[in-house]
Each structure stands twice: as structure tokens, then as C-alpha cells.
Amino acid sequence: MLPLLLLVLLPWLATGCGTGPATAEVGAALPSFSLESLSGETVRSADFQGRPTVISVWATWCQPCLKEIPLLQQLHADPRFRVVTIALDETGADTVAPFVEERGLSYPVLLGDQETFQSLAGFAIPHNVLVTPDGTVADIIRGLLDEERVEALLLSSG
């Protein structure tokens with residue numbers, strides 16, 4: 001009996017009793033995170049509730065990420081959506097702020113970290129997470145943002 005109990009409990013104990021950071025999964029609540037924006041304010045994932053949200057993880061040096069900018073700008077201009085981007089540049093605001101200003105990006109840009117990126121189920125960029133108004137992960141797009149999938153989120157979210 002004791003060996004069986006140990007087999008069941010050891011994996012649970014090894015993972016910190018199940019208290020590790022959550023990872024984004026389609027159909028589950030968006031993992032909680034808090035990041036600083038380029039303007040210096042703290043933005044929390046809980047702030048994204050109320051309308052469909054596109055969270056786009058990118059970096060200034062990522063060529064495919066740059067291809068998404070026009071679509072992100074278009075979505076940001078649509079009041080039915082919220083667009084939030086997370087920049088993963090290692091030098092942070094020193095690199096990201098001039099890039100955002102040069103390109104005239106109007107959507108919010110947060111300064112990201114690997115822990116948050118991993119909590120969003122990320123492993124390569126561009127990486128996009130579509131979130132419903134109630135905070136549920138509707139889709140995870142690994143690679144370029146797909147306009148049809150974003151539109152499907154909008155239509156299904158009302």
C-alpha cells in the first residue's frame with residue numbers, strides 16, 4: 001500500500017503540490033500575468049475582460065512579426081476588439097520604444113519576459129493568443145496571425 005501511495009504522491013510533490021504557473025490552453029481561463037507597458041503603467045491580464053482580445057507576442061528583430069503589424073493596427077482600430085502586444089526584446093524599452101515610435105504603432109505594447117511567454121504556451125514568435133470577453137483562451141496561433149481565425153473569434157463572441 002505504501003509504495004502505491006508514494007507513486008501517486010511523488011509526482012504531485014515534485015511539481016510543488018500543483019502550484020506551478022498556469023499555461024494557456026484553449027478553453028481554459030487566460031493565465032494571470034502582470035507586465036509594464038511602454039508608458040510605465042502596470043497592465044494585468046485580468047484587465048482584458050469585456051471584449052475579444054488579441055495578445056500578440058513579438059520582437060523588433062522578428063521579420064515575420066513585422067508582417068503582422070498592419071493587421072494588428074487594423075484590429076486595434078476596430079472598437080469591438082482589444083489588441084495588446086508583448087515585446088520580448090532583451091533590451092526592453094531602450095529598443096522597443098524607438099521602434100514603436102518610428103512605426104507609429106497605436107496599440108498597447110507591454111514589455112514581456114520568458115515566464116509570461118511560457119505561460120502563454122509560447123515557444124517561438126510570432127505567437128498569438130485570442131481571448132474571449134470572459135477571459136477564456138479561444139485560440140492559440142503559433143506563427144502569423146490569421147485574420148479569419150480572429151474574425152471567427154469576433155463573430156462567436158458577439
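What you see below is based on every heavy atom in this structure, not just the backbone, and it leaves out hydrogens, waters and symmetry mates. Counting begins at 1 with the first residue of the sequence.
- The only member of Ile86, Ile140, Leu130, Val137 that meets side-chain contact (heavy atoms from CB on, under 4.5 Å) when paired with Ile55 is Ile86.
- Here the side chains of His76 and Phe81 are not in contact, with every heavy-atom distance at 4.5 Å or above.
- Taking every heavy atom of both residues into account, Ser37 and Val43 meet most closely at CB-CG2, 4.2 Å.
- Between the Asn128 side chain and the Gly143 main chain, a donor and an acceptor come within less than 3.5 Å of each other.
- The shortest non-hydrogen separation linking Ala87 to Val109 is CB-CG1, 4.2 Å.
- Nearest heavy atoms, Ala93 versus Pro98: O-CD, 3.6 Å.
- Of the listed residues (Thr85, Leu144, Val54), just one forms a side-chain contact (heavy atoms from CB on, under 4.5 Å) with Glu68, and that residue is Leu144.
- Taking the side chain as every heavy atom from C-beta outward, Glu115 and Phe33 never approach each other to under 4.5 Å.
- Interatomic distance, Leu72 CG to Lys67 NZ, rounded to the nearest 0.5 Å: 14.5 Å.
- Interatomic distance, CZ of Phe99 versus CG of Leu38, reported as 11.5 Å (0.5 Å rounding).
- Residue pairs that meet the salt bridge (charged side-chain N to carboxylate O under 4.0 Å, His left out) test with at least one member in residues 84-113, sequence neighbours left out, do not exist here.
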Taking it one step at a time, do Val131 and Gln49 satisfy side chain to side chain contact (heavy atoms under 4.5 Å, CB included)? CA-CA 9 Å; Val131 184; Gln49 295 202 7; over 6 Å; no
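- A heavy-atom distance below 4.5 Å is found between the side chains of Leu105 and Gln73.
- Atom CD of Glu25 sits in a sparse spot, with 12 or fewer heavy atoms from other residues, nucleotides or ligands closer than 6.0 Å.
- Looking at heavy atoms from C-beta onward, Trp58 lies out of side-chain contact with Pro126 at the 4.5 angstrom threshold.
- The two residues Leu111 and Gly92 have their closest heavy-atom pair at CD2-C, 4.0 Å.
- The structure places CG of Leu145 at 4.5 Å from CG of Leu71, a figure rounded to the nearest 0.5 Å.
- One N or O on the side chain of Thr53 and one on the backbone of Arg51 form a donor-acceptor pair closer than 3.5 Å.
- Panel note: side chain Asp47, backbone Arg44; a donor-acceptor pair is recorded below 3.5 Å.
- With rounding to the nearest 0.5 angstrom, the OG atom of Ser56 is 11.0 Å from the CG atom of Leu110.
- Although no hydrogens or angles enter the test, the distance criterion places no donor-acceptor pair under 3.5 Å between the side chain of His127 and the main chain of Phe117.
- Two residues are said to be in side-chain contact when any heavy atoms from C-beta on lie closer than 4.5 Å; Ser34 and Ser45 fail this criterion.
- Taking CZ from Phe48 and OG1 from Thr132, the interatomic distance works out to 13.0 Å, rounded to the nearest 0.5 Å.
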